[in-house]
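Step one of this worksheet: look at the structure below.
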Amino acid sequence: MYAYNDAYCEGYLGSSSGNDADWGNSSGFFQGWEDNEASSILNKGNDYEVKFYSGTVYTLGHICLSRDEAYASDLSNDTMSNGASANNTISSHEWVSEGSCTHWAS
């Protein structure tokens, strides 16, 4: 998956081929400064959906991006499962099966 600082997949933040429980620390694919900065996301995965969370360690609200959806070009148009804006809110993500998702990016 790929994350971008701006809408329409502009301003590359980083990418990940695995899970990252805390975008705000210095371990994992995202190294700290990317925490709560994503405004658009892209899933190029072939086998799994990506579940993004507003909290670290896969907590608080979530939003999923399917491999069929491919991208969410402007997260300011989406909300997390807890009603919070999805824009500049992502703090962790994991790859999941479709059945693990109840709230989807548009």
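Starting from 1, each residue takes its place in the sequence as its number.
Here the OG-CG distance, from S40 to D74, works out to 7.5 Å after rounding to the nearest 0.5 Å. Separation of atoms CD1 (I90) and CH2 (W23) is listed at 5.0 Å; rounding is to 0.5 Å. Taking CZ of R67 as the start and CG of D47 as the end, the distance is 6.5 Å to the nearest 0.5 Å. Once rounded to the nearest 0.5 Å, the distance linking CG of N43 with CH2 of W95 reads 4.5 Å. From F52, atom CZ reaches atom OG of S92 across 10.0 Å, with rounding to the nearest 0.5 Å. One distance of note links CG of N87 with CG of N36; it measures 10.5 Å at 0.5 Å rounding.
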Evaluation steps, side chain to side chain contact (heavy atoms under 4.5 Å, CB included), between T102 and H62: CA-CA 9 Å; T102 59; H62 74 271; 3.2 Å; yes
Walk me through it: do T89 and I63 pass the test side chain to side chain contact (heavy atoms under 4.5 Å, CB included)? CA-CA 10 Å; T89 307; I63 193 167; over 6 Å; no
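Linking Ile, Leu, Val, Met, Phe, Trp and Tyr whenever their side-chain heavy atoms come within less than 4.5 Å leaves Y2 and V96 in two separate clusters. Note on L75: it does not cluster hydrophobically with L60, by side-chain heavy-atom contacts below 4.5 Å among ILVMFWY residues. Following chains of ILVMFWY side-chain contacts shorter than 4.5 Å, one can reach M80 starting from L65, so the two form part of one hydrophobic cluster.
Using a distance-only test at 3.5 Å, with no hydrogens or angles considered, a donor-acceptor pair links the side chain of E49 to the main chain of E98. A donor-acceptor pair under 3.5 Å is absent between the side-chain atoms of D78 and the main chain of A86, judged by distance alone. Of the possible donor and acceptor atoms, none in the side chain of H103 sits under 3.5 Å from a partner among the backbone N and O of N82. Proximity of a side-chain donor or acceptor of S54 to a complementary backbone N or O of G61 within less than 3.5 Å is detected.
In this structure, H93 and F30 have perpendicular ring planes: the angle between them is above 60°, well past the 30° mark.
The two residues S16 and F29 make their nearest non-hydrogen contact at OG-CD1, 3.1 Å.
Evaluation of the side-chain contact (heavy atoms from CB on, under 4.5 Å) rule for N25 yields D22, S27 as partners, not counting sequence neighbours. For N88, the side-chain contact (heavy atoms from CB on, under 4.5 Å) criterion is met by S39, not counting sequence neighbours. Residues that satisfy the disulfide bond (SG atoms under 2.5 Å apart) test with C101, not counting sequence neighbours, are C64.
Y8 shares a hydrophobic cluster with no other residue; no ILVMFWY side chain has heavy atoms under 4.5 Å from its own. Connectivity analysis of hydrophobic side chains (ILVMFWY, heavy atoms under 4.5 Å, direct or indirect) links Y53 to Y58. Grouped with W104 in a hydrophobic cluster is no other residue, since no side-chain heavy-atom contact under 4.5 Å to another Ile, Leu, Val, Met, Phe, Trp or Tyr is found.
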